[in-house]
Amino acid sequence: MTAWEENVRKVTPYTPGEQPNGAGVIKLNTNENPYPPAPAVLRALQEVGADSLRKYPDPSASPLVEALAGYYGLPKDQVFVGVGSDDVLAMSFLTFFNGGKPILFPDITYSFYDVWAGLYRIPYECQPLDEDFNIRTADYCRDCGGIVIPNPNAPTGVEKPLAELEEIIQANPGVIVIIDEAYIDFGGESARSLLPKYDNLLVVQTFSKSRSLAGIRIGYAFGNKRLIRYLNDVKYSFNSYTMSAAALAVGTAAIKEDGYYKETLHKVVRTRERVKKELSKLGFLFRDSQSNFIFAAHPKCPAKELFEALKKENIYVRYFSKARIDNYLRISIGTDQEMDVLIRFLEGYLGKRD
Ligand code: PMP
């Protein structure tokens, strides 16, 4: 190792899902929404003129913060926005997890948490899910440096009842508890309703999944105003202009077109419920998912084999070669037609294998 290399901050980066291009690809591997964003979003994008691109965007992102505050019925000093919830979560780790004690999160969960902990040198301890992939409340009611829990969890899709999350938040008044609600809109109950009761709670959400806007990068957090002020202090110490003019325009427009959003959400949920039945008929096993994906295993066919067979057909799902979950596929919910192609292929493949 050369002398300068010894001073490099060495990290093991997060591996995002593949982004294959090309016609005929059925992409069910990164939990994107299969439907386009609201028509108002496209109009807003067209209206972002040269002048707003020439200038720096509003550093306080106020149109978007105000729109979110209005929509969710919170004061605007309780809202923080960032470049996708990845950015919001990374800022939150940096801001709140400085206690020196290990932070806690599940062993099977969003695989960015240990990456941020590694990047910022935050000690952490993973708490094992039980054998049915449930997060055990008792594991999180103990001395620690902070907590991050996704609800529903990823990649399992399992929702933890709000009352159990409240027990965890209540048991940890001395540290920040982050609830990552990337998938909450697809059926879960948000911890937002607990905000008036707990000043150690931060709820993080995103426009990437339920609002079909993964490409523009909009995430946000709700918390008490002191928490949000601390987050903004860190943000302004890092990059004043995290939200581009285009993201501000698009995000604000998306919130206004509520009917379209709800209709799309309903379509994804309806397809998910149908796909659950079809997968069960084919013998797949999975916990009930309240998200826009299903995490399924087949008792007779290894997940890796299915993953590769699907890929040959240009159907991309997500496979994690990690202990306990290396026999599962995470299948995002696409359109009805896409899911029909998937189901027909699985039916034929498993049939031939019998
Ligand atoms: N949290 C969880 C649990 C996720 O699965 C994702 C998506 N990869 C994110 C946060 C980040 O999503 P985004 O940055 O697109 O908002």
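Just so you know, these numbers come straight off a predicted model, no measurement behind them. Throughout, residue positions are numbered sequentially from 1 according to the sequence presented. Whatever order the structure lists ligands and atoms in, that order sets their numbers, starting from 1.
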I'd like to know if Ile179 and Phe207 are part of one continuous hydrophobic network [Ile/Leu/Val/Met/Phe/Trp/Tyr, side-chain heavy atoms within less than 4.5 Å].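 Same cluster: Phe207 reaches Ile179 through Ile, Leu, Val, Met, Phe, Trp or Tyr contacts under 4.5 Å.
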
Protein residue, atom and distance nearest to [atom], heavy-atom basis:
| atom | value |
| --- | --- |
| atom 15 (O) of ligand 1 | Ser208 OG, 2.6 Å |
| atom 5 (O) of ligand 1 | Tyr183 OH, 2.6 Å |
| atom 12 (O) of ligand 1 | Ser85 OG, 3.3 Å |
| atom 1 (N) of ligand 1 | Asp180 OD2, 2.6 Å |
| atom 8 (N) of ligand 1 | Tyr110 OH, 3.2 Å |

Under 4.5 Å side-chain heavy-atom separation, chaining through any Ile, Leu, Val, Met, Phe, Trp or Tyr, what else clusters with Tyr316? Say none if it is isolated.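 Result for Tyr316 is Val25.
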
Taking atom types as modelled and ignoring hydrogens, do the side chains of Lys27 and Gln19 form a donor-acceptor contact shorter than 3.5 angstrom?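 On atom types as modelled, these side chains qualify, holding a pair under 3.5 Å.
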
Can a donor-acceptor pair be found between the side chains of Arg330 and Asn29 at a distance below 3.5 Å?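 No donor-acceptor contact under 3.5 Å links the two side chains.
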
Sub-4.0 Å atoms of ligand 1 with respect to non-hydrogen atoms of [X]:
| X | value |
| --- | --- |
| Arg217 | 13 (P), 14 (O), 15 (O) |
| Gly84 | 14 (O), 16 (O) |
| Lys209 | 7 (C), 8 (N) |
| Thr206 | 13 (P), 16 (O) |

If you measure every N or O of Asp86 against every N or O of ligand 1, does any of those distances drop under 3.5 Å?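 Between Asp86 and ligand 1 (N or O atoms, distance only) the closest approach is under 3.5 Å.
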
Between Tyr113 and ligand 1, does any nitrogen or oxygen pair lie at a separation below 3.5 Å?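 It does not: no N or O of Tyr113 is found under 3.5 Å from an N or O of ligand 1.
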
Classify the ring geometry of Tyr183 against Phe186: parallel below 30°, tilted from 30° to 60°, perpendicular beyond 60°.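 Rings of Tyr183 and Phe186: tilted, 30 to 60°.
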
Residue pair Leu195 / Phe222, side-chain heavy-atom distance below 4.5 Å: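 In contact.
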
Show me the pairs that pass ring-ring contact (aromatic ring centres under 6.0 Å, His included) and involve residues 224-275, at least two apart or across chains.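 Counting only pairs at least two positions apart or across chains, the ring-ring contact (aromatic ring centres under 6.0 Å, His included) contacts touching residues 224-275 are Tyr56-Tyr241.
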
Carboxylate-amine/guanidinium contact Lys101 Asp143, below 4.0 Å: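 Here Lys101 pairs with Asp143 in a salt bridge, since their nearest N and O are under 4.0 Å apart.
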
